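Note that the structure is predicted; figures quoted are calculated from it, not measured.
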Amino acid sequence: MAHSSRASQTPVGLDLVRQIVVISAVSFMLIGAMVGIGLFGGSAVQDLQNGALDADASYLAPARQAFSIWSVIYVGLIIYTIWQALPQQRANSRQRELGWLIALTAVLNGLWLVVAQFATLPLTVLAIVALLIALGFTFHRAVVTRVPDDGLVDAILIDGVTGLHLGWVTLATVANTAAWLTVSVPAEWADAATPIGIAVLVVVAVIGIAIAWISGWRIAPGLALAWGLTWLAVGRLTGEPHSTGIGVTAVIVAVAVLVPALLVAGLRMLRPQGD
């Protein structure tokens, strides 16, 4: 399907509704983010749940610098929201396919922040798993609906932003679950924290490589995963709780999930064969 055929469809009433829903969903997400940083008088995320979500609360939590990736994801979603609201995007078949799904991921993103602020730690795990599932499905649909003529803006604002969101939330789900288990399991389990953490990171490597492979070696998910894993390594090697084994493994996994996609991207630049 060519790009012109996407844009030449006749708008229907539901198209305008979709655009409004996306705007509303991203607005809710941004409000949730402001709640999450304590702008409205609540506690910042790192202080919630008795500090269980802070960077030094578990062996699989990235250092605080890692969370700056949210700024990139939020800016990307804001720009996407403005772009998808343009009249020429109203009847675009890819927007029809993905707009509702992106709106769902934005709502679930904001919901996690609200749950973290006002509910319990186990509920935050359920909320972030729901977000991860939604992002996985959305990114899959983004990959299978894309055609070469969709263009660079489409690639960045749909595939790129959704891929970054998916990659980061993949690691955030691991960190959130580790935070919950850290305060739930018997204290003597701490003796096995390093081997368990290494095993979990091996699973993350498999998941990250699987996402790259299934998506045709898209870079964005691996880029976000590698970012988070690098800061996880920094946290374990230079901060508390300290674990050389987990830190080194995190570096290896970061390389494993990112380098193959970068190599494929390089080959595509040398021998372009479409998108």
Applied to residues 195-206, the side chain to side chain donor-acceptor pair (under 3.5 Å) test, sequence neighbours excluded, yields none
Applied to residues 222-231, the side chain to side chain donor-acceptor pair (under 3.5 Å) test, sequence neighbours excluded, yields none
| query | Are any non-hydrogen side-chain atoms of Leu98 and Leu101 less than 4.5 angstrom apart? | reply |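 Of all side-chain heavy-atom pairs linking Leu101 with Leu98, at least one is under 4.5 Å.
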key: Beyond-backbone contact of Leu60 with Leu201, side-chain heavy atoms, under 4.5 angstrom   = yes
Is there a donor-acceptor contact under 3.5 Å from the side chain of [X] to the main chain of [Y]?
X: Ser184; Y: Leu181; answer: no
X: Asp150; Y: Val147; answer: yes
X: Thr162; Y: Asp159; answer: no
X: Thr105; Y: Ile102; answer: yes

Cluster check [X], [Y]: I/L/V/M/F/W/Y, side chain < 4.5 angstrom:
X: Ile158; Y: Ile156; value: yes
X: Val264; Y: Val206; value: no
X: Ile20; Y: Ile31; value: no
X: Ile252; Y: Val203; value: no
X: Ile82; Y: Leu16; value: no

Original post:
Residues two or more places apart in sequence or in another chain: which of them pass salt bridge (Lys or Arg N to Asp or Glu O under 4.0 Å) with Arg141?
Top reply: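 Expected list: Glu97.
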Item checked: salt bridge (Lys or Arg N to Asp or Glu O under 4.0 Å) against Glu240, all qualifying residues, sequence neighbours excluded ->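 Salt bridge (Lys or Arg N to Asp or Glu O under 4.0 Å) check on Glu240 returns nothing, list empty.
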On a heavy-atom basis, which atom in [X] and which in [Y] lie closest, and how many Å separate them?
X: Leu53; Y: Ala179; value: CD2-CB, 4.2 Å
X: Ile246; Y: Gly197; value: CD1-CA, 4.0 Å
X: Met29; Y: Leu113; value: O-CD1, 4.4 Å
X: Ser58; Y: Thr182; value: CB-OG1, 3.4 Å
X: Gln19; Y: Gln89; value: NE2-C, 4.3 Å
X: Ala134; Y: Leu108; value: CB-CD1, 3.6 Å

> Does a donor on one side chain sit under 3.5 Å from an acceptor on the other, for Arg94 and Thr145?
Replying inline: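 Looking only at side-chain atoms, Thr145 and Arg94 do form a donor-acceptor pair, the distance falling under 3.5 Å.
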Discussion item. Can you confirm whether the side chains of Trp112 and Asn176 place a donor and an acceptor under 3.5 Å from each other?
Written reply: yes
Under 4.5 Å side-chain heavy-atom separation, chaining through any Ile, Leu, Val, Met, Phe, Trp or Tyr, what else clusters with [X]? Say none if it is isolated.
X: Ile23; answer: none
X: Val259; answer: Val255, Leu263
X: Leu14; answer: Val12, Val17, Val21, Trp100

Note to self: Does anything in residues 232-255 form a ring-ring contact (aromatic ring centres under 6.0 Å, His included)? List the pairs, not counting sequence neighbours.
What the structure shows: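 Passing the test, one end in residues 232-255: no pairs.
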The complete set of ring-ring contact (aromatic ring centres under 6.0 Å, His included) pairs with one or both residues in residues 126-153, sequence neighbours excluded, reads none
Side-chain donor-acceptor distances from residues 70-81 under 3.5 Å, at least two apart:
residue: Tyr74; atom: OH; partner: Asn109; partner atom: OD1; Å: 3.4
residue: Tyr80; atom: OH; partner: Gln95; partner atom: OE1; Å: 2.9
residue: Thr81; atom: OG1; partner: Leu77; partner atom: O; Å: 2.7

For this session: Run the numbers on Arg146 and Arg218 for side chain to side chain contact (heavy atoms under 4.5 Å, CB included), then give the verdict.
Result: CA-CA 12 Å; Arg146 180 162 179 78; Arg218 297 299 200 274; 4.1 Å; yes
With a cut-off of 3.5 Å and sequence neighbours excluded, list every side-chain donor-acceptor pair involving residues 166-175.
residue: Thr170; atom: OG1; partner: Leu166; partner atom: O; Å: 2.7
residue: Thr173; atom: OG1; partner: Val169; partner atom: O; Å: 2.7

Item to check | Sequence-distant partners of Ala193, side chain to side chain contact (heavy atoms under 4.5 Å, CB included), two or more places apart | outcome: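 With neighbours one apart ignored, the set is Tyr59.
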Between Leu262 and Ile219, is a side chain to side chain contact (heavy atoms under 4.5 Å, CB included) present by the stated rule, with each step listed? CA-CA 7 Å; Leu262 288 176; Ile219 293 175; 4.2 Å; yes
To the nearest 0.5 angstrom, please state how far the [atom1] atom of [X] sits from the [atom2] atom of [Y].
X: Leu104; Y: Leu131; atom1: CG; atom2: CG; value: 8.5 Å
X: Leu225; Y: Ile211; atom1: CG; atom2: CD1; value: 6.0 Å
X: Ser243; Y: Leu232; atom1: OG; atom2: CG; value: 9.5 Å
X: Leu123; Y: Ile128; atom1: CG; atom2: CD1; value: 13.0 Å

